[in-house]
Amino acid sequence: MLIKPVLNAELFGSTPNGEEIKLYTIEIPGVIKASIMDFGATLTHLYVPDRNGKMEDVVLGFDDLAGYQKKEYQENYCYLGSTIGRVGGRIRGNQFELDGVTYKLEPNQGKIHLHGGKEGWDRKVWNAKPINHDSAIGVEFSLKSPEGGDYPGEIDFSVIYSVNPEGELSIEYRGTTDKATILNPTNHSYFNLGGDFSKSILDHTLRLEASRFLPIDENSFPTGELAAVENTPFDFTNPKEISVAIHQNHEQIKLGNGIDHSFAFDVQEKCASLYDPISGRLLELTTTEPGVQVYTSNFLNGNIRGKGDVAYKQHAAICLETQHFPDSINQKDFPSVVLRPGEVFSSKSIFKFSAQ
Ligand code: GLA
């Protein structure tokens with residue numbers, strides 16, 4: 001029997017400016033319980049059952065808003081569960097040209113402009129509105145991203161998190177602009193299906209319906225090539241343990257310090273799955289996006305202590321960032337991320353959980 005999800009809202013904390021941040025929880029008891037806050041339109045908690053029905057949280061984050069507001073976390077730019085915008089990934093040379101105009105972007109991670117920069121959408125307070133349509137229950141988070149500073153054009157943007165009676169979690173994006181600009185949002189959740197964030201995800205298996213991946217250079221920018229995964233550690237066309245891939249002696253694994261690469265999907269439906277053999281939890285992903293940035297949390301180093309005061313160490317989780325390819329605006333052969341007035345950007349990714 002299918003059960004309609006329920007939505008609850010509670011206070012999660014206040015920002016230093018006194019803005020109240022709410023936590024919205026969408027739940028089907030025993031099936032899924034997802035919490036999202038309006039700071040960064042961030043997925044903070046995601047409880048799903050293991051093969052014995054035990055509900056555990058499978059995404060990294062903090063127990064309260066204060067954790068997300070700490071200086072060391074904000075300066076680390078690791079984006080636990082955040083909505084990323086305007087543009088996911090690194091932009092080569094911190095600049096791009098659009099319609100003959102060069103736009104310069106401020107660096108935020110070292111010398112590089114990453115994931116929307118210092119004024120990224122991960123640190124904005126979004127407007128929230130409960131939604132209830134087609135039997136899915138959720139919350140629409142919206143913001144107006146003003147022109148100025150880095151990117152051209154004012155963007156009207158929304159992200160809808162919803163759960164349907166089958167228990168699937170959807171993340172949908174919609175955006176319009178008043179002037180030509182670039183847009184490539186994603187969600188930066190760190191999954192550990194074992195639910196114990198002191199352990200790594202190296203024993204999880206990953207499957208990607210992707211016969212090509214994007215090699216990177218020494219600064220982690222895609223080189224522009226779409227390379228065959230065959231005979232490389234990046235071949236996940238059959239499910240493979242993550243440790244097997246990242247322990248291979250391969251130039252690209254060294255450059256990424258693990259996996260920190262985009263993959264080009266061959267299909268959209270069930271294009272990726274992540275499985276934890278110990279708990280039996282399985283995540284299956286479907287997306288309208290052409291690719292996914294897979295990141296094995298290579299830069300987590302134990303400095304950040306998250307939920308339950310657990311230190312988040314290297315490989316504590318894996319991000320599956322569905323999106324257009326990084327640095328597309330500087331790569332003429334990648335699908336375009338340009339958005340023009342009159343066009344509507346839309347994108348949907350579905351995260352389906354089960355246990356076996
Ligand atoms: C993305 C990048 C990584 C890293 C994380 C955030 O996944 O590709 O290199 O910067 O975001 O820490």
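Keep in mind the model is a prediction, meaning the values are calculated, not measured. The basis for the numbers below is simple: all heavy atoms, side chains too, and nothing from hydrogens, waters or symmetry mates.
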Practice item. Could you walk me through whether R92 and D217 pass salt bridge (Lys or Arg N to Asp or Glu O under 4.0 Å), step by step? Key: CA-CA 11 Å; R92 187 182 283 272; D217 68 13; 3.1 Å; yes
| said: Could you walk me through whether K22 and M37 satisfy the side chain to side chain contact (heavy atoms under 4.5 Å, CB included) test, starting with their C-alpha distance in whole Å, then the side-chain angles of each, then the deciding distance to 0.1 Å, before giving a yes or no? | reply: CA-CA 6 Å; K22 285 208 176 110; M37 65 167 163; over 6 Å; no
task = Start with the C-alpha distance between R123 and Q74, add both sets of side-chain angles, then the distance that settles side chain to side chain donor-acceptor pair (under 3.5 Å), and finish with yes or no.
result = CA-CA 8 Å; R123 43 202 71 204; Q74 289 280 313; 3.2 Å; yes
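A salt bridge between D50 and K54 is absent, with no side-chain N of the basic residue lying under 4.0 Å from a carboxylate O of the acidic one. Between E56 and R281, at least one side-chain nitrogen of the basic residue sits less than 4.0 Å from a carboxylate oxygen of the acidic one, meeting the salt-bridge criterion. We find that K144 and D156 are joined by a salt bridge, their nearest charged nitrogen and carboxylate oxygen being less than 4.0 Å apart. Contact check on K179 versus E147 returns a salt bridge, with a Lys/Arg side-chain nitrogen under 4.0 Å from an Asp/Glu carboxylate oxygen.
When ring centroids are compared, Y295 and H315 stay outside the 6.0 Å threshold. Aromatic ring centroids of Y161 and Y24 lie 6.0 Å or more apart. For W126 and F39, the ring centers are positioned 6.0 Å apart or more. Taking the six-membered ring where the residue is Trp, the centroids of F345 and Y173 are separated by 6.0 Å or more.
Using modelled atom types and a 3.5 Å distance limit, the side chains of Q293 and H261 yield no donor-acceptor pair. E20 and S14 are not linked by any side-chain donor-acceptor pair at a separation below 3.5 angstrom, with hydrogens and angles left out of the test. Side chains of N76 and Q109: no donor on one and acceptor on the other come within 3.5 Å. With hydrogens and angles left out, the side-chain atoms of Q331 and D333 include no donor and acceptor closer than 3.5 Å. Residues S349 and T287 have side chains that bring a donor and an acceptor to within less than 3.5 angstrom of each other. T237 and R207 share no donor-acceptor pair across their side chains, judged by distance under 3.5 Å alone. A donor atom on one side chain and an acceptor atom on the other are not found under 3.5 Å apart for T205 and E241. With 3.5 Å as the limit, one finds no donor-acceptor pair spanning the side chains of H113 and E106. Remark: the S279 side chain and the D276 side chain contain an N/O donor-acceptor pair separated by less than 3.5 Å. Judged by distance alone, the side chains of S35 and T25 do bring a donor and an acceptor atom under 3.5 Å apart.
Both tests pass for K240 against the ring of F236: distance under 6.0 Å to the centre and angle within 45° of the axis.
The only member of D99, T177, T181 that meets side chain to side chain donor-acceptor pair (under 3.5 Å) when paired with R340 is D99. The only option from D64, D57, D63 that meets the salt bridge (charged side-chain N to carboxylate O under 4.0 Å, His left out) definition with K307 turns out to be D57.
Not one N or O on the side chain of T296 forms a donor-acceptor pair closer than 3.5 Å with the backbone of N298. Panel note: side chain T232, backbone F234; a donor-acceptor pair is recorded below 3.5 Å. Between the side chain of T288 and the backbone N or O of K348, at least one donor-acceptor pair lies under 3.5 Å. In this structure, T186 contributes its side chain and T322 its backbone to a donor-acceptor pair below 3.5 Å.
The aromatic rings of H115 and Y79 sit perpendicular, their planes meeting at an angle over 60°, well past the 30° parallel limit. Note: F191 and F353 have tilted aromatic rings, judged against thresholds of 30 and 60 degrees for the angle between ring planes.
Pairing each heavy atom of Q323 with each of P290, the nearest pair is O-CD, 3.9 Å. In plain terms, the two heavy atoms of I216 and T223 that are nearest each other are C-CG2, 3.8 Å. Contact detail for G93 and F221: the closest heavy-atom pair is N-CZ, 4.3 Å. In this structure, I253 and I246 approach most closely via the heavy-atom pair CG2-O, 3.5 Å.
In this structure, CG on D203 lies 11.0 Å from OH on Y275, to the nearest 0.5 angstrom.
Atom CD of E230 has 12 or fewer neighbouring heavy atoms from other residues, nucleotides or ligands inside a 6.0 Å radius. Atom CZ of R174 has 12 or fewer heavy atoms from other residues, nucleotides or ligands within 6.0 Å. Environment of NZ in K124: crowded, with over 12 heavy atoms of neighbouring residues, nucleotides or ligands closer than 6.0 Å. For K129, the NZ atom sits in a loose shell: 12 or fewer heavy atoms of surrounding residues, nucleotides or ligands are nearer than 6.0 Å. Atom CD of E119 sits in a sparse spot, with 12 or fewer heavy atoms from other residues, nucleotides or ligands closer than 6.0 Å.
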